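The analysis underlying the following values was restricted to heavy atoms, covering all of them including side chains, and did not include hydrogens, waters or symmetry mates. Note on naming: letters A, B, ... go to the chains in the order of the sequence lines (proteins, then strands), and numbering restarts at 1 for each one. All values reported here derive from a predicted model rather than from experimental measurement.
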Number of protein chains: 2
Amino acid sequence: MVLKVRKTVKAPPGCPMSKCMDLLRGCWTPEVLWSLSEGPRRFSELRRDNPFISAKVMTTRLRDLEQLGVLTRHVMPTSPPTVEYELTDLGRELLPAIRSIVEVGTRLLLRDSNL
Amino acid sequence: MVLKVRKTVKAPPGCPMSKCMDLLRGCWTPEVLWSLSEGPRRFSELRRDNPFISAKVMTTRLRDLEQLGVLTRHVMPTSPPTVEYELTDLGRELLPAIRSIVEVGTRLLLRDSNL
DNA sequence: CTGTATCCCCGTGGATACTG
DNA sequence: CAGTATCCACGGGGATACAG
C-alpha cells in the first residue's frame, strides 16, 4: 500500500472562484444539485431526472458531495431500502450560481434556435 | 495513425446547463475569462493575473476558447510580438454566470473567516 | 514576449456485470 | 431499490526544456 502524498491542489486556497468551483467539481454535479433544489429526492428519482448519468457516477458524486457537506444522505429502514438525499444550507448557497449557469445556457440555446 | 471515433459527448445537446458548462470547461477557464471581463489583455498580463496557471495550460485554454468563439486573438506585428485577447459578445454573455460563482465563493470564504 | 514539445499523473466518467 | 466491482479511455493539467 502506498500513501498518497501528491498534492491535489488545483487552485490556491483563498480564491473565491475556486472555493465555489471545488464544490461543483465533476461535470454532472450541477445537474444533481439542480435536481435537489426543490426538495429531498431519492436515488431512483435522481436517476430518472438525469437519465444520462450512470449509476456509478451518480453514487460517486453523491458521496463526494456528502463528504463536502453539500448534501445529506438519509437511509430509511424499509425493505427494499429507501434513501433520501437533501441539500444542506451550504448546498443551497450554491443554487444562485447554478441558476445563473442555467439562465445563460438557456439564452444561448434560444439564440441558436432563432438563427 | 489511428482515427478518433470515440464519442466525446458528456451531456446531451439541448440541455441549457451543459450548453453553458461546455464553454467553461477546464478548471482554469473561468479565471481566464474573469481576467478579460474588464477589457482586452495581453498574454503576459493574463499570466500575471493568474500566476498559478502554467503557460501551457494558459495557451491551451486560450486556443480552445478562441475556437469556441468566446474570445478573439489579435497579433500585432511588433518585435517582440504582442498578442491581445478580447472577449466576444458570446464571451461577455458568460460573465453573469461567472460573477455568480465568484459571489458565492466570496460569501463562503467570508463565512469561513468569521468562524 | 509568446508561445511549443514532451512526458507523465490523476480524476472523471462510460460500460458492464453483480449484490444485499 | 440502491448501490458495488472492474476495467478502461480520455482529457486536463503540472513540470521542464526549448523556440521564433
Side-chain angles (χ1 to χ4, degrees), chain A residues 2-12 18 21-32 35 40-68 71-86, chain B residues 2-12 18 21-32 35 40-68 71-86:
Chain A
V2 181
L3 286 183
K4 249 204 275 187
V5 185
R6 183 180 185 82
K7 348 174 203 182
T8 317
V9 177
K10 300 227 160 194
S18 47
M21 292 304 277
D22 283 351
L23 301 179
L24 298 183
R25 177 155 308 157
C27 75
W28 291 118
T29 302
E31 317 268 357
V32 174
S35 291
R41 286 185 89 69
R42 299 173 49 187
F43 187 81
S44 52
E45 295 177 308
L46 291 173
R47 292 223 62 199
R48 252 172 272 130
D49 288 345
N50 307 279
F52 292 94
I53 311 182
S54 70
K56 192 197 80 170
V57 172
M58 181 67 82
T59 306
T60 308
R61 294 292 114 236
L62 289 170
R63 288 299 195 285
D64 288 355
L65 291 168
E66 187 189 4
Q67 207 55 30
L68 289 165
L71 51 78
T72 57
R73 177 171 179 267
H74 189 63
V75 184
M76 346 262 298
T78 56
S79 174
T82 303
V83 182
E84 221 174 48
Y85 293 91
E86 186 172 12
Chain B
V2 181
L3 286 184
K4 250 205 277 189
V5 185
R6 183 178 186 82
K7 347 173 201 181
T8 316
V9 176
K10 302 227 160 196
S18 47
M21 292 303 278
D22 283 351
L23 301 179
L24 299 182
R25 176 156 309 157
C27 75
W28 290 117
T29 303
E31 317 269 356
V32 175
S35 290
R41 286 186 90 67
R42 297 174 50 188
F43 188 81
S44 52
E45 294 177 309
L46 291 173
R47 293 222 62 198
R48 252 172 273 133
D49 288 345
N50 307 278
F52 293 94
I53 311 183
S54 70
K56 192 197 80 171
V57 172
M58 181 67 83
T59 307
T60 309
R61 295 291 114 235
L62 289 170
R63 289 298 195 285
D64 287 356
L65 291 168
E66 186 189 5
Q67 207 56 30
L68 289 165
L71 51 78
T72 56
R73 179 171 179 268
H74 190 64
V75 185
M76 346 259 300
T78 57
S79 175
T82 301
V83 182
E84 222 174 46
Y85 294 91
E86 186 172 12

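Contact between A:Cys27 and A:Pro30 at its shortest, heavy atoms only, is O-CD, 3.9 Å. Of all non-hydrogen atoms in A:Glu45 and A:Arg42, the two that sit nearest each other are OE1-N, 2.7 Å. Across B:Leu62 and B:Leu71, no two heavy atoms sit closer than the pair O-CD1, 3.7 Å. Counting all heavy atoms, side chain and backbone alike, B:Leu24 lies closest to B:Thr29 at O-CB, 3.5 Å. The minimum heavy-atom distance between B:Leu23 and B:Leu65, with the atom names listed, is O-CD2, 3.6 Å.
What separates CZ of B:Arg25 from C1' of C:dG11 is a distance of 14 Å, to the nearest Å. C:dG13 atom P lies 14 Å from atom CZ of A:Arg47, rounded to whole Å. With rounding to whole Å, A:Asn50 atom CG is found 16 Å from C:dG14 atom C1'. Counting to the nearest Å, the C1' atom of C:dT4 and the CG atom of B:Leu62 are 14 Å from each other. Distance A:Leu65 CG to C:dG11 P: 17 Å, rounded to the nearest Å. Look at CE on B:Met58: it is 14 Å from C1' on C:dC1, rounded to the nearest Å. Protein atom CH2 of A:Trp28 is 6 Å distant from nucleotide atom P of C:dG14, rounded to whole Å. Between the CZ atom of B:Arg41 and the P atom of C:dC1 there is a distance of 14 Å, rounded to whole Å.
A:Arg42 comes within 4.0 angstrom of sugar-phosphate atoms only, judged by non-hydrogen atoms across all strands, and of no base. In this structure, A:Thr82 reaches the sugar-phosphate backbone alone: every heavy-atom distance under 4.0 Å involves primed, P, OP1 or OP2 atoms, never a base.
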Considering only nitrogen or oxygen atoms on both sides, find all protein atoms under 3.5 Å from nucleotides 18-20 of chain D and state each distance.
none

Close N/O contacts between protein and nucleotides 4-8 of chain D (under 3.5 Å):
unit_1	atom_1	unit_2	atom_2	d
D:dT4	OP1	A:Arg63	NH2	2.8

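B:Asn50 CG to B:Met58 CE: the interatomic distance, rounded to the nearest 0.5 Å, is 5.0 Å. Expressed to the nearest 0.5 Å, how far CE of B:Met76 lies from CD of B:Glu84 amounts to 5.5 Å.
Ranking C:dT12, C:dT2, D:dG3 by closeness to the A:Phe43 side chain, first place goes to D:dG3. Across D:dC1, C:dC1, C:dT12, the shortest atom-to-atom separation from the side chain of B:Ser44 is found for C:dC1.
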Under the side chain to side chain contact (heavy atoms under 4.5 Å, CB included) rule, what do B:Arg25 and B:Asp22 come out as? Steps first, then yes or no, please.
-> CA-CA 5 Å; B:Arg25 176 156 309 157; B:Asp22 283 351; 2.9 Å; yes
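Judged as a salt bridge (charged side-chain N to carboxylate O under 4.0 Å, His left out), the pairs with a partner in residues 46-59 of chain A (not counting sequence neighbours) are, in order, A:Arg41-A:Asp49.
Summary of the strand contacts: B:Asp64 and A:Val83 both lie near DNA chain D, and taking for each the nucleotide with the nearest heavy atom, the more 5' one is attributed to A:Val83.
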